[in-house]
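In this text, all values refer to a predicted model and were calculated from it rather than measured experimentally. Labels below follow one simple rule: chain letters A, B, ... track the order of the sequence lines, proteins then strands, and each chain is numbered from 1.
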Amino acid sequence: MTITLPDGKAMTFTRGVTPGDVAAAIGPGLAKAALIGEVDGKEWDLFRPLDHDAKLRIITKKDPEALELIRHDAAHILAMAVQELFPGTQVTIGPAIEDGFYYDFARNKPFTPEDLPVIEAKMHEIVKRDLPTRREVWPRDKAIQHFRDMGESYKAELIESIPEGEDVSIYWHGDWHDLCRGPHFRTTGQVGDAFKLTKIAGAYWRGDANNAQLQRIYGTAWRDQKELDAYLLKLEEQEKRDHRKIGREMELFTFSPDIGAGLPLWMPNGMVIRQELEFLALQEERKDGYRRVATPHITKENLFYRSRHLPYYKEDMYAPLDIDGENYYLRPMNCPFHHTIYGATRHSYRELPLRIAEYGQDYRYEASGGLSGLMRVRGFCMNDAHIYCRYDQAKDEFIRVMQLHARYYDLMGIKEYYMRLSLPDLDKLDKYVDEPQKWLDAMGIIKQAMTESGYPFVEAKGEAAFYGPKIDFMIKSAIGTEYTISTNQLDFLATETFNLKYIGEDGAEHPLYVIHRAPLGTHERFTAFLIEHYAGAFPVWLAPVQARVIPITEKVNDFAHKVMADLNALQVVNGTAGLRVDIDLASERMQKKIRDAQLQKIPYMLVVGEREAAEGKVAVRLRSGKDLGAMPLETFMARIKKEAESRQDVAD
RNA sequence: GCCGGCUUAGCUCAGCUGGUAGAGCACCUGAUUUGUAAUCAGGGGGUCACAGGUUCGAGUCCUGUAGCCGGCACCA
């Protein structure tokens with residue numbers, strides 16, 4: 001039998017040789033380092049015999065696949081440890097995931113945080129036992145019966161979903177065994193000790209809320225302790241960027257149980273960011289031909305029947321208010337209001353595309369368990385607009401919307417995001433408006449727009465809006481949760497439900513498309529993202545306080561006040577009002593004032609003492625700690641004005 | 001919504017097995033007037049999330065509610 005190695009070298013063995021044997025034949029170092037083999041591109045246990053000529057690669061800890069393998073084996077060891085400690089607990093599934101692994105268990109008594117160190121200790125023990133792994137192949141039906149007899153009903157159910165007549169593989173670690181596709185390491189010892197259990201959570205069997213809820217234990221696992229420590233440190237660093245923490249520290253926003261879960265209160269500092277973003281949007285949208293409108297936050301229910309929100313979206317809406325015997329709803333979206341504006345007048349083909357924009361306040365009854373800081377709220381304000389266009393204009397308009405995104409993201413240095421084309425699951429049309437051909441047309445236009453404009457995207461089936469496919473821009477929060485930061489849809493339904501038409505060159509009425517777009521998403525989520533993106537150290541144009549005047553002695557208070565007043569009066573072109581500069585008049589030492597300004601992440605500190613007062617200068621210190629020395633006030637004014645107007649994040 | 005955990009001063013947190021509350025920072029006052037990350041001293045501030053219950057007695061135990069945190073489900 002011939003085994004070919006990656007370097008092209010061919011070796012001859014007798015039939016039944018294992019990848020482990022081959023590794024040993026190559027050298028003792030490799031034999032020791034080997035984790036699993038890769039046979040003709042397929043992962044293969046070291047101890048699993050080969051019965052035909054093959055290309056073989058030996059995978060060690062150094063290979064990129066190693067982490068996933070370690071995590072998969074760690075999940076098995078977790079399951080083993082739990083079953084040893086808590087007899088009667090059923091195992092279900094336990095995959096490797098990003099940065100770690102989890103295992104879902106069925107057990108009447110809940111796991112507690114105190115159980116984790118105990119389980120972890122047991123896992124280390126199992127690793128130390130260095131139990132050999134064995135692989136067996138069983139007929140499907142035997143496996144079902146076996147797991148059923150053991151009381152492992154979830155495992156039995158899993159095997160039942162495997163086609164009849166197929167065999168399944170069973171892996172043994174010592175005398176513990178589990179159904180598994182494999183592969184696994186030769187012994188439990190090869191997993192090493194660089195793992196840690198991180199959290200306990202509830203999780204539905206097969207991800208369906210109608211099923212029983214299992215108990216999930218999460219863990220993380222790495223090649224060695226150094227990698228594990230680095231990972232844990234990274235988590236700590238991420239927590240420091242958490243917008244909820246920074247938002248409290250910098251007094252950007254707050255919540256109150258008296259007002260309600262998910263209903264944010266924007267504080268003056270946070271409102272600065274919001275207004276500057278809104279002003280940016282106003283400027284950019286005007287360049288792109290949008291016009292502003294304003295519409296109510298509440299409406300009679302009829303509007304939402306017409307828009308089909310009530311049948312398709314009711315669960316996400318606040319309960320109606322009874323006003324004079326009529327139901328009024330808080331709006332979850334702005335579209336029907338904009339459609340009403342479009343419908344209020346007749347439109348010629350010459351007017352199209354018609355683009356109307358509103359920073360619209362919406363309310364959605366989000367599931368209580370999903371609320372999270374400003375990232376997921378029940379009351380929010382969306383950077384919304386609707387583009388009414390002819391069918392033949394839709395693709396180009398969609399591209400323009402993508403380009404608008406790019407302008408924003410470039411400006412703010414946002415690089416880590418991806419685009420997701422959310423399509424309907426055409427087999428489950430109960431969730432979507434049942435117009436298969438219109439779905440296909442709309443999907444075709446979006447795909448073409450994306451392809452032509454060269455923006456890469458991934459596809460996600462079953463995530464479309466009920467009225468059309470969409471492109472979502474996805475980001476990750478500081479703590480690793482993925483969020484939609486912007487969503488853009490192509491809507492073929494509104495033309496019917498709201499009877500929106502335009503008069504063509506032929507004098508007849510024609511249907512149209514509506515593009516829903518929100519490049520900056522909502523103020524709430526976008527600001528939350530920006531807080532984490534900048535770790536609270538906002539560029540000057542967004543910083544709530546752009547500079548702080550720090551008088552060294554009371555003797556220079558008059559001059560310090562003049563500095564502040566001059567700066568506050570300085571108008572910037574790309575800003576909502578003058579510069580935002582304050583003054584620290586506390587009876588404290590300069591060092592303390594600098595520290596305070598630093599902790600508040602104020603971009604510029606203007607230290608003013610008797611020397612500066614005499615010369616009309618300010619001593620400029622950056623947030624980074626860099627001291628620019630004294631400069632004439634005018635020089636500094638020119639600098640900060642330029643910086644604010646550029647909207648650039650100038651490196652400190 | 002579901003599972004688990006948490007909720008003590010504005011913030012961060014102490015408070016042993018039940019004996020009616022503490023620190024640091026912040027805030028206020030006074031002293032100090034200071035050259036690039038914390039000057040000193042004094043003071044005010046808590047119906048221990050809320051509502052019930054057990055107990056001679058509850059921040060500590062039990063039940064319910066709300067909010068928050070971690071997941072799951074949901075997410076135009």
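- Every side chain to side chain contact (heavy atoms under 4.5 Å, CB included) that A:Pro519 has, sequence neighbours left out, goes to A:Asn383, A:Leu404, A:His405, A:Tyr408, A:Arg517.
- Among the heavy atoms of the strands lying under 4.0 Å from A:Ala261 are primed sugar atoms or P, OP1, OP2 only; no base atom is included.
- In this structure, B:rA41 and B:rU29 make a Watson-Crick or G-U wobble pair, each of the two defining distances being under 3.5 angstrom.
- Under 4.0 Å is where a charged nitrogen must lie from a carboxylate oxygen, and between A:Glu237 and A:Lys234 no such pair does.
- In this entry the distance linking CD of A:Glu315 with C1' of B:rA73 reads 12 Å, nearest Å.
- Positionally, the nearest nucleotide of RNA chain B for A:Glu249 lies more toward the 5' end than for the other of A:Phe380 and A:Glu249.
- Across all strands shown, B:rU17 has no partner, as no Watson-Crick or G-U wobble contact with both distances under 3.5 Å is found.
- Looking at heavy-atom distances under 4.0 Å, A:Ser368 makes contact with a base.
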Quiz item: Stepwise, does the ring-ring contact (aromatic ring centres under 6.0 Å, His included) test hold for A:His339 with A:Tyr388?
Solution: CA-CA 9 Å; A:His339 298 343; A:Tyr388 301 83; 5.7 Å; yes
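- Of the side-chain N and O atoms in A:Lys199, one or more sit less than 4.0 angstrom from OP1 or OP2 of B:rG71.
- Ranked by how close their nearest RNA chain B nucleotide is to the 5' end, A:Met382 and A:Phe255 are led by A:Phe255.
- B:rG10 and B:rG45 have their C1' atoms separated by 10 Å, given to the nearest Å.
- Every side-chain hydrogen bond (donor to acceptor under 3.5 Å, both in side chains) that A:Tyr418 has, sequence neighbours left out, goes to A:Glu482.
- Between the side chain of A:Gln215 and the base of B:rC3, no donor-acceptor pair under 3.5 Å is found.
- Checking the phosphate oxygens (OP1, OP2) of B:rU12, a side-chain nitrogen or oxygen of A:Arg248 falls inside 4.0 Å.
- Regarding A:Tyr312, its OH atom lies at a distance of 19 Å from the P atom of B:rC74, rounded to whole Å.
- At whole-Å resolution of the value, CZ in A:Phe101 and C1' in B:rG71 are 15 Å apart.
- Within 3.5 Å, no donor on the side chain of A:Tyr204 pairs with an acceptor on the base of B:rG71, nor the reverse.
- Taking the P atom of each, B:rC61 and B:rC6 are spaced 10 Å apart, rounded to whole Å.
- Here A:Thr522 pairs with nothing under the side-chain hydrogen bond (donor to acceptor under 3.5 Å, both in side chains) rule; sequence neighbours left out.
- Across the P atoms, B:rC16 and B:rA73 are found 39 Å apart, a figure rounded to whole Å.
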Write down the protein N/O and nucleotide N/O pairs, taken from nucleotides 4-9 of chain B, whose separation is under 3.5 Å; answer none if there are no such pairs.
none

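- Listed by chain and number, the residues in a side chain to side chain contact (heavy atoms under 4.5 Å, CB included) with A:Ala79 are A:Val91, A:Tyr103, A:Phe105, A:Trp176 (sequence neighbours excluded).
- The gap from the P atom of B:rG1 to that of B:rU65 amounts to 10 Å, rounded to the nearest Å.
- Looking only at side-chain heavy atoms (C-beta outward), A:Leu606 and A:Ile550 stay at 4.5 Å or farther from each other.
- Counting non-hydrogen atoms of neighbouring residues, nucleotides and ligands closer than 6.0 angstrom, the NZ atom of A:Lys196 reaches no more than 12 such neighbours.
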Quiz item: Checking ring-ring contact (aromatic ring centres under 6.0 Å, His included) for the pair A:Phe195/A:Phe101: CA distance, chi angles, key distance, verdict?
Solution: CA-CA 10 Å; A:Phe195 59 81; A:Phe101 60 93; 7.3 Å; no
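- Taking the side-chain hydrogen bond (donor to acceptor under 3.5 Å, both in side chains) definition, one finds that A:Tyr154 meets it with nothing, sequence neighbours left out.
- A:Tyr218 has a side-chain polar atom (N or O) that falls below the 4.0 Å cut-off from OP1 or OP2 of B:rC72.
- With a 3.5 Å ceiling on both atom-pair distances, B:rU36 lacks any Watson-Crick or G-U wobble partner.
- Between the P atoms of B:rA38 and B:rU32, the separation comes to 22 Å (whole Å).
- For the segment residues 470-480 of chain A, the set of residues with a heavy atom within less than 4.0 Å of an atom of RNA chain B comprises A:Lys470, A:Ile479, in numerical order.
- Residue A:Leu235 contributes atom CG, which lies 11 Å from atom P of B:rG71 at whole-angstrom precision.
- With sequence neighbours excluded, the residues forming a side-chain hydrogen bond (donor to acceptor under 3.5 Å, both in side chains) with A:Lys438 are A:Glu496, listed by chain and number.
- A:Lys240 has its NZ atom 15 Å from the C1' atom of B:rU12, to the nearest Å.
- Separation of the P atoms belonging to B:rC25 and B:rU20 is 27 Å when rounded to the nearest angstrom.
- Screening residues 470-479 of chain A for salt bridge (Lys or Arg N to Asp or Glu O under 4.0 Å) gives A:Glu98-A:Lys476, A:Arg420-A:Asp472, A:Lys470-A:Asp472 as the qualifying pairs, with residues at least two apart or on separate chains.
- Whole-Å rounding puts the A:Asp258 CG to B:rU65 P distance at 19 Å.
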Quiz item: What string of B, S and - do you get for nucleotides 35-43 of chain B 5' to 3' if you count protein non-hydrogen atoms under 4.0 Å?
Solution: BBBBB----
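- The separation between A:Gln213 atom CD and B:rG1 atom C1' is 10 Å, rounded to whole Å.
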Please list every donor-acceptor pair under 3.5 Å in which a side-chain atom of residues 248-265 of chain A meets a protein atom from a residue at least two apart or in another chain.
from     : atom 1 : to       : atom 2 : distance (Å)
A:Glu249 : OE2    : A:Lys245 : NZ     : 3.0
A:Ser256 : OG     : A:Asp258 : N      : 3.0

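- On the P atoms, B:rG59 is 8 Å away from B:rA21, given to the nearest whole Å.
- Using N1 to N3 plus N6-O4 or O6-N4 for Watson-Crick, or N1-O2 and O6-N3 for G-U wobble, each under 3.5 Å, B:rU12 pairs with B:rA23.
- Pairing for B:rG4 is with B:rC69, a Watson-Crick or G-U wobble pair whose two hydrogen-bonding atom distances lie under 3.5 Å.
- Across all strands shown, B:rG57 forms no Watson-Crick or G-U wobble pair with both key distances under 3.5 Å.
- A:Asp584 has its CG atom 12 Å from the P atom of B:rA26, to the nearest Å.
- Residue pairs meeting the salt bridge (Lys or Arg N to Asp or Glu O under 4.0 Å) criterion with at least one partner in residues 593-607 of chain A, sequence neighbours excluded, are A:Lys592-A:Asp596.
- Base-pair partner of B:rG64: B:rC50 (Watson-Crick or G-U wobble, both distances under 3.5 Å).
- Nucleotides B:rA9 and B:rA23 are separated by 11 Å at their C1' atoms, to the nearest Å.
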